[in-house]
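Input: a single structure, listed below in structure tokens.
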Number of protein chains: 2
Amino acid sequence: MSTPHQSRADRRRATEARILDSARELFAEKGFERTTIRAVATAASVDPALVMQYFGSKRELFSQAVQTLPGPLTATDADELVDQLLASLGLKLGGLPEGALAMMRSMLTDQAAADHVRAALGRQIDSVGAALPAAEDAELRAALVVTALLGVTIGHRLLGLATLREVPADHIAALLRPAIKALTGPQG
Amino acid sequence: MSTPHQSRADRRRATEARILDSARELFAEKGFERTTIRAVATAASVDPALVMQYFGSKRELFSQAVQTLPGPLTATDADELVDQLLASLGLKLGGLPEGALAMMRSMLTDQAAADHVRAALGRQIDSVGAALPAAEDAELRAALVVTALLGVTIGHRLLGLATLREVPADHIAALLRPAIKALTGPQG
DNA sequence: CCATTCACTCAACGCTTGTTGACTCACTCA
DNA sequence: TGAGTGAGTCAACAAGCGTTGAGTGAATGG
């Protein structure tokens, strides 16, 4: 009753997308290990074997369903930097995509996810450090800024702390801004 | 050749402690789900069935091996507060006990661990919020401080970011202090 | 219209897991 | 010394997992 005439290729693409959506949602909610292919298949109204046929393995399904964390930044001055940072960790403007949450959810218990997140954070630390005034501790300060924001995002989106969930993201960003500036160095 | 004469009760206590140590270590390294009773038993040079006999279930073993995160704080002024916070999340003076790391490792993928961490963080947020000057956003500011430090600890101890691992904890604490003060409010 | 392709299902495999009950044997103690 | 307790082992179960190969039936294309 919904789609009156669909070609075979269209149906194929649609089911594949349905599987990916279900996978992303379950991976974000339960993490890699606790998400079963059978559960993904059920959520997508499909046989488990089809998931294997399309994606080859659970690992490959994870890779395709999940997105990496935001990459390096392009800001050059401190104010712009803070904005980009807050946005990239989902503390402004709508939050992180579900695929990034799925990756983060698994980062403490899955080797591959940990490597991925470590690399992404490393790139972000490097670009923040490069944008900082040439202090001695530029890279360390950058790492503290990035991990501190990571912690706020975890508390907010993955742990669902009540205190943070009730507050609009812009308000959180506004409170964080002076703290980040204090972290990036006395000079500004 | 090591312990020449040990009573039955002594041996029993020793094996139980050996099992708990192995469990704590493995839970901290791999998390609840990926740690198997068989692996704990092997690491403790013991049969898996003995672990069950002593602790009843994997969940109960986890509860007994793991320690909760540090509880509420007792500081009344801002300077003391910052010190206690940094210490309680392992950023000063030797770091968190392994049992707390085990709990944190599982907090994103295990319901019970998540509940435990949420509760501990909530208590900590409350006590920080109470110690803050009576600003409107006291509780929110407290939550941001606590989760930011949580993030630094995760990056440092659970993800093992190189930039943070190479630096002494006191140095990290020194850099974080002004940022925390900026977060807790303009008035200090 | 018929042979072919291909999305999709079914049933089963091999493995690992938590968990259990029966067993062995060294130590305790009367 | 000899009965009994209790620490520790062994072998197995049932359930759940990722994964596989054979099968089905409708859309396709000549």
Side-chain angles (χ1 to χ4, degrees), chain A residues 1-23 26-27 29-66 102 106 109-113, chain B residues 1-23 26-27 29-66 102 106 109-113:
Chain A
M1 62 177 93
S2 49
T3 46
H5 198 49
Q6 236 181 125
S7 82
R8 186 138 74 171
D10 282 344
R11 272 200 69 81
R12 154 88 195 222
R13 268 188 294 273
T15 23
E16 197 168 313
R18 218 171 52 238
I19 293 174
L20 278 175
D21 283 348
S22 304
L26 285 171
F27 280 136
E29 183 186 328
K30 302 176 162 275
F32 180 80
E33 187 97 4
R34 291 182 55 96
T35 296
T36 70
I37 293 224
R38 284 169 163 86
V40 171
T42 300
S45 305
V46 136
D47 191 274
L50 191 66
V51 178
M52 294 302 297
Q53 197 171 124
Y54 284 178
F55 298 96
S57 72
K58 183 186 179 183
R59 192 86 282 147
E60 187 63 25
L61 172 64
F62 182 74
S63 297
Q64 299 209 22
V66 146
S106 303
T109 40
D110 183 77
Q111 185 68 229
Chain B
M1 63 173 94
S2 50
T3 47
H5 197 49
Q6 239 183 124
S7 81
R8 185 136 75 169
D10 283 343
R11 272 200 69 80
R12 154 87 196 226
R13 267 187 295 272
T15 349
E16 197 167 313
R18 216 169 55 238
I19 293 174
L20 278 175
D21 284 347
S22 304
L26 286 171
F27 281 136
E29 183 186 329
K30 303 176 161 277
F32 180 80
E33 187 96 5
R34 292 183 55 96
T35 296
T36 70
I37 292 223
R38 283 169 166 85
V40 171
T42 300
S45 306
V46 136
D47 191 273
L50 191 66
V51 178
M52 294 302 297
Q53 198 170 125
Y54 284 177
F55 297 96
S57 72
K58 184 186 178 183
R59 180 105 277 153
E60 187 63 24
L61 172 65
F62 183 74
S63 297
Q64 299 210 21
V66 146
S106 303
T109 40
D110 183 79
Q111 184 67 227

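Lettering follows sequence order; numbering is per chain, from 1. Not measured: the values here are computed from a predicted model.
Side-chain N/O atoms of B/Arg11 include one lying less than 4.0 angstrom from OP1 or OP2 on D/dG8. Of the side-chain N and O atoms in A/Ser7, none sit less than 4.0 angstrom from OP1 or OP2 of D/dA27.
Within a heavy-atom distance below 4.0 Å of DNA chain C, the residues of residues 47-62 of chain A found are A/Asp47, A/Ala49, A/Leu50, A/Gln53, A/Tyr54.
Taking the six-membered ring where tryptophan is involved, the planes of A/Phe32 and A/Phe62 are perpendicular, since the angle between them exceeds 60° and thus also 30°.
Residues that satisfy the side chain to side chain donor-acceptor pair (under 3.5 Å) test with B/Arg13, not counting sequence neighbours, are B/Asp10. Every residue two or more places apart in sequence or in another chain that forms a side chain to side chain donor-acceptor pair (under 3.5 Å) with B/Glu33 is listed here: A/Arg34.
In this structure, B/Ile19 places its CD1 atom 11 Å from P of D/dA7, rounding to the nearest Å. The distance between atom CG of B/Asp10 and atom C1' of D/dG8, rounded to the nearest whole Å, is 17 Å. In this structure, CZ of A/Arg18 is placed 11 Å from C1' of C/dC8, rounded to the nearest angstrom. The distance from atom CG of A/Leu26 to atom P of D/dG18 is 12 Å, rounded to the nearest whole Å. The nearest whole Å value for the distance from the NZ atom in A/Lys30 to the P atom in D/dC17 is 10 Å.
In this structure, the side chains of A/Glu60 and A/Gln64 come closer than 4.5 Å at one or more pairs of heavy atoms. Proximity of A/Asp47 to A/Gln53: side-chain heavy atoms (C-beta onward) are nowhere separated by under 4.5 Å.
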Open item on the list: Using side-chain contact (heavy atoms from CB on, under 4.5 Å), reason through B/Ile19 and B/Leu61 one step at a time and then give a plain yes or no.
Closed with: CA-CA 9 Å; B/Ile19 293 174; B/Leu61 172 65; 4.2 Å; yes
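Side-chain N/O atoms of A/Arg38 and base N/O atoms of D/dG18 include a donor-acceptor pair closer than 3.5 Å.
Scanning all heavy atoms of the two residues, the minimum distance from A/Thr15 to A/Arg12 falls at OG1-O, 3.0 Å. Across every non-hydrogen atom of A/Ser106 and A/Gly31, the tightest pair is OG-CA, 3.5 Å. Between A/Ser57 and A/Met52, the shortest heavy-atom contact is CA-CE, 3.9 Å.
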Can you list, pair by pair, the side-chain donor-acceptor contacts under 3.5 Å of residues 38-46 of chain B, counting residues two or more places apart and other chains?
from, atom 1, to, atom 2, distance (Å)
B/Thr42, OG1, B/Arg38, O, 2.9

TODO: Mark up nucleotides 1-6 of chain D, 5' to 3', with B wherever a protein heavy atom is under 4.0 angstrom from a base atom, S wherever such an atom reaches only the sugar-phosphate, and - elsewhere.
DONE: ----BB
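Summarising the local packing, NZ of B/Lys58 is surrounded by more than 12 heavy atoms from other residues, nucleotides or ligands at distances under 6.0 Å.
The end-to-end axis angle of the helix from C/dC1-D/dG30 to C/dA30-D/dT1, rounded to 10 degrees and based on five pairs per end, is 0°.
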